[in-house]
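In each ligand, atom 1 is the first atom listed, and ligand 1 is the first ligand listed.
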Amino acid sequence: MTALQEQFDATIGRGDRIEPRDWMPEGYRKTLVRQIAQHAHSEIIGMQPEGNWITRAPSLRRKAILLAKVQDEAGHGLYLYSACETLGVSRGELTEMLIEGRQKYSSIFNYPTLSYADVGTIGWLVDGAAICNQVPLCRTSFGPYGRAMIRICKEESFHQRQGFELLMTMMRGTDEQQAMVQESVDRFWWPSLMMFGPPDDESPNSAQSMAWGIKRNGNDELRQRFVDMTVPQAKALGVTLPDPDLVWNEARGAHDFGQPDWSEFTQVVKGNGPCNAQRIAHRRAAHEDGAWVREAATAFAASPLVEVRGASATNVPLVGVRGASATNVPLVGVRGASATNVPLVEVRGASATNVPLVEVRGASATSLETEGEN
Ligand code: BYC
């Protein structure tokens, strides 16, 4: 065993974190890329089923809440893609892998949202399952992933409550509204249980992922935790969970429950669920439609930092420097400059009392070209 491997094992053994600068076995890196990418893709694809109801939410308040939730999911995707990028793979590559079907996303988002009650059910059950699965991931062994999870879990908690509150409101409504909630729960219950992955004895990745501290619990343990958490909530709502085998087991101090249809799960994960093709087609179209934004952002990033026109000593525009803030004011808009490495800028007509603003084109730390001041 190499010294690096020993150091890695000792870090994991102590329950400390591995950071991107640390040496790590290739299998650990690959497993993390797989899981974090799948997680990021799930957040982004997961915007679609709920996004389907934004224009049809029944009031301004419900629309604002739903918009905010879907926007949070975009944010979660971005934190997770960023965490993944610390492992040496770019967001662009990950997106390509998703739309080419080389990486997965959570099975749950391949089911349609057929009624507005599904917005509440997704919040309650899907975000509820996500919380059970993700709270332990706040302690995952890879630093950037664990830190991203902390914020994500706080937001997921809010998402779950908003779903529960929506369903509670509908359950206090008309018979039709109550029936809508029950029908929605009937459709989403089993797919929610599948979110935790296959049973432990059919989970090829669990043992190694747990040994590495990537996963902290097995799939079955977290599924059980979710069922135990959800049963009293269902009672409070007044809905029935569609499982005839669901019963409290006094001896175990936990609920017994039936198994989801694992052949359906396999089909959905293989790409044959009700909405797989639609979800990926939509994601691909959004990616293609956004090409001009990426091109513009790339061109902007390559442009000089400062380009100020019409500026004078008394009329100093505040804009024009990216990343500047009240406490972080770059002295000169030259890339590659730092406190110790300040490129010389040639400014014509400058004196101590007359400091013209400088327009720098194509400037870099090694190649500087100055142009006339305004
Ligand atoms: N769906 O060996 P296993 C959200 C795959 S988004 C699809 O147990 P592992 C939200 C698994 O990848 C929340 N595939 O795997 C967003 C593996 O295949 P590969 C998403 C699944 O990784 C918007 C194979 O089956 N959460 O909350 O040890 C709106 C064997 O499985 C699924 C996460 O991503 C599935 N359900 O454990 C609202 C959590 N399950 O990769 C809400 C992070 C399994 O070998 N991920 N597979 O080809 C994890 O915790 C783990 O990856 C899993 C699976 C527990 C999901």
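Looking only at atom types and distance, the side chain of Arg187 has no donor-acceptor partner in the side chain of Tyr111 under 3.5 Å away. Gln224 and Asp220 share no side-chain donor-acceptor pair at under 3.5 Å.
With respect to the salt-bridge test (charged N to carboxylate O, under 4.0 angstrom), the residues Arg102 and Glu100 qualify.
Atom 53 (C) of ligand 1 is not flagged as protein-proximal [any protein heavy atom, distance under 4.0 Å].
At most 12 heavy atoms of other shown residues, nucleotides or ligands fall within 6.0 angstrom of atom CD in Gln71.
In terms of polar-atom proximity, Tyr145 is not counted as a contact of ligand 1, lacking any N or O under 3.5 Å from an N or O of the ligand. Residue Lys104 has at least one N or O atom closer than 3.5 Å to an N or O atom of ligand 1.
Of all atoms in ligand 1, numbered sequentially from 1 with element shown, those under 4.0 Å from a heavy atom of Gln134 are 13 (C), 26 (N), 27 (O). Counting atoms of ligand 1 from 1 in the listed order, those under 4.0 Å from a heavy atom of Ser107 are 1 (N), 7 (C), 35 (C), 36 (N). Below 4.0 Å from some heavy atom of Phe196 lie the following atoms of ligand 1, by number and element: 55 (C).
Remark: of the listed residues His159, Gln233, Glu165, Gln233 is the sole one forming a side-chain hydrogen bond (donor to acceptor under 3.5 Å, both in side chains) with Trp124.
The side chain of Glu156, and not its backbone, has at least one atom closer than 4.0 Å to an atom of ligand 1 (non-hydrogen atoms only; side chain from C-beta on).
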